[in-house]
Asker: 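Structure provided below as structure tokens; questions to follow.
This chain uses plain numbering: 1 for the first residue, then up along the sequence.
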Amino acid sequence: MSTNTTATATAAVGTATTTTGATAATQAAPLAGRVAVITGASSGIGEASALELAALGARVVVLARRAERLAELVERIEKDGGRALAITADVTDRAAVQAAADRVAAEFGGADLLFNNAGVMLPAPIEELAVGQWQHQIDLNVTGLMNVIGAFTPQLVAAAADRGVADLINTSSIAAQNIFPGFAVYCGTKAYVTHMSRQLRAELGAKNVRVAAIEPGIVGTELQSHVTDPGAQAWLEGAAQTMEFLTPGDIAQTVAFLAALPPRVNLQQVTIMPTGQPG
């Protein structure tokens, strides 16, 4: 082999090694360079998703009302080598959400991944006229959702124009599709989330912002602990005896999967069920 041929071969090997190294790095941290905002991040699905997205390379902004929980979450993420920012805010407070968005823009340059996850489930028979619970669900699951979308959509559109893709992922529920007596208001709010997500996908997709609604079945989170209706409590307790619930980590992995897809791919509606849950 001539000297020139040897040099060429050595260079080719070096290039291949570099390419392989870059590929390995991308596979290890497929969300590197991304800025992810997660609402409802102080527990359950939001907490698990923050940990998952940070582990995959994203800088994460965790947003919720419980400051102490958020501080502990940021500490865990940073201990594992990730980067995180905690913002204490109530998503039903539009001004607070906008202030949070402004801070994300100032400190991280804006978000390109929004996991809109804050929500509450308070079932009760409609005849009980639990109007306070009705309003709380509407305020958080609908108005809160829209406050977050309104504050962060300009950042997502700008990020998509710059890097070719951005993601808006909303937490809906199987309750958006199926009938659960006693859960009427909750089901109605989640039907709103799913349908709004489909509308926004059509509107924002042309701007390279992917929109997806995740519709989980029963997930083992503190959401069930907020339920006060005896009938709903009994139903949930019975379900726990007959099936294995999904875990927050199951949903977190799905969020990460959606965000890591090629920019041309948008799964607009993902239903995730415990294997043993019939509907």
Asker: Mind checking whether Glu107 and Val61 have side chains closer than 4.5 Å, heavy atoms only?
Answerer: no

Asker: How long is the gap from CD on Gln224 to CH2 on Trp235, to the nearest 0.5 Å?
Answerer: 9.0 Å

Asker: Take atom CD of Glu75 as the centre, draw a 6.0 Å sphere, and report whether it contains more than 12 heavy atoms from other residues, nucleotides or ligands.
Answerer: no

Asker: Strictly distance-based, threshold 3.5 Å: is any side-chain N or O of Thr39 a donor or acceptor partner for the main-chain N or O of Asn117?
Answerer: yes

Asker: I'd like to know if the side chain of Lys190 and the backbone of Gln177 have a donor-acceptor N/O pair within less than 3.5 Å.
Answerer: no

Asker: Can you name the residues that form a salt bridge (charged side-chain N to carboxylate O under 4.0 Å, His left out) with Arg66, not counting sequence neighbours?
Answerer: Glu222

Asker: Hey, is the main chain of Gly82 close enough, under 3.5 Å, to the side chain of Asp80 for a donor-acceptor pair?
Answerer: no

Asker: List the atom pairs, with distances to 0.1 Å, where a side-chain N or O of residues 263-270 and a protein N or O form a donor-acceptor pair under 3.5 Å, not counting sequence neighbours.
Answerer:
| from | atom 1 | to | atom 2 | distance (Å) |
| --- | --- | --- | --- | --- |
| Asn266 | OD1 | Val211 | N | 3.3 |
| Asn266 | ND2 | Val211 | O | 3.2 |
| Gln268 | OE1 | Arg201 | NE | 2.9 |

Asker: Do we see a donor-acceptor contact under 3.5 Å between the side chains of Gln137 and Asn141?
Answerer: no

Asker: Does the side chain of Pro123 reach to within under 4.5 Å of the side chain of Val227, using non-hydrogen atoms?
Answerer: yes

Asker: For Ala239, is there any backbone N or O sitting under 3.5 Å from a side-chain donor or acceptor partner on Thr242?
Answerer: yes

Asker: With no hydrogens and no angle check, is any side-chain donor or acceptor of Ser173 less than 3.5 Å from a backbone partner on Ala176?
Answerer: no

Asker: Stepwise, does the side chain to side chain contact (heavy atoms under 4.5 Å, CB included) test hold for Phe152 with Asn116?
Answerer: CA-CA 10 Å; Phe152 284 98; Asn116 208 356; over 6 Å; no

Asker: I'd like to know if the side chain of Thr92 reaches the main chain of Asp139, judged simply by a donor and an acceptor atom lying under 3.5 Å from each other, with no hydrogens or angles considered.
Answerer: no

Asker: Flag yes if Leu53 and Val219 sit in one hydrophobic cluster, no otherwise; membership is Ile, Leu, Val, Met, Phe, Trp, Tyr, and two members link when side-chain heavy atoms are under 4.5 Å apart.
Answerer: yes

Asker: Spell out, as yes or no, whether a donor-acceptor pair under 3.5 Å connects the side chain of Glu215 to the backbone of Thr194.
Answerer: no

Asker: Any chain of hydrophobic side-chain contacts (each under 4.5 Å) joining Ile38 to Leu156?
Answerer: no

Asker: Just wondering, do Glu47 and Pro248 contact through their side chains at under 4.5 Å, heavy atoms?
Answerer: no

Asker: Step by step, work out the side chain to side chain contact (heavy atoms under 4.5 Å, CB included) result for Leu129 and Trp134.
Answerer: CA-CA 8 Å; Leu129 302 178; Trp134 297 354; 3.9 Å; yes

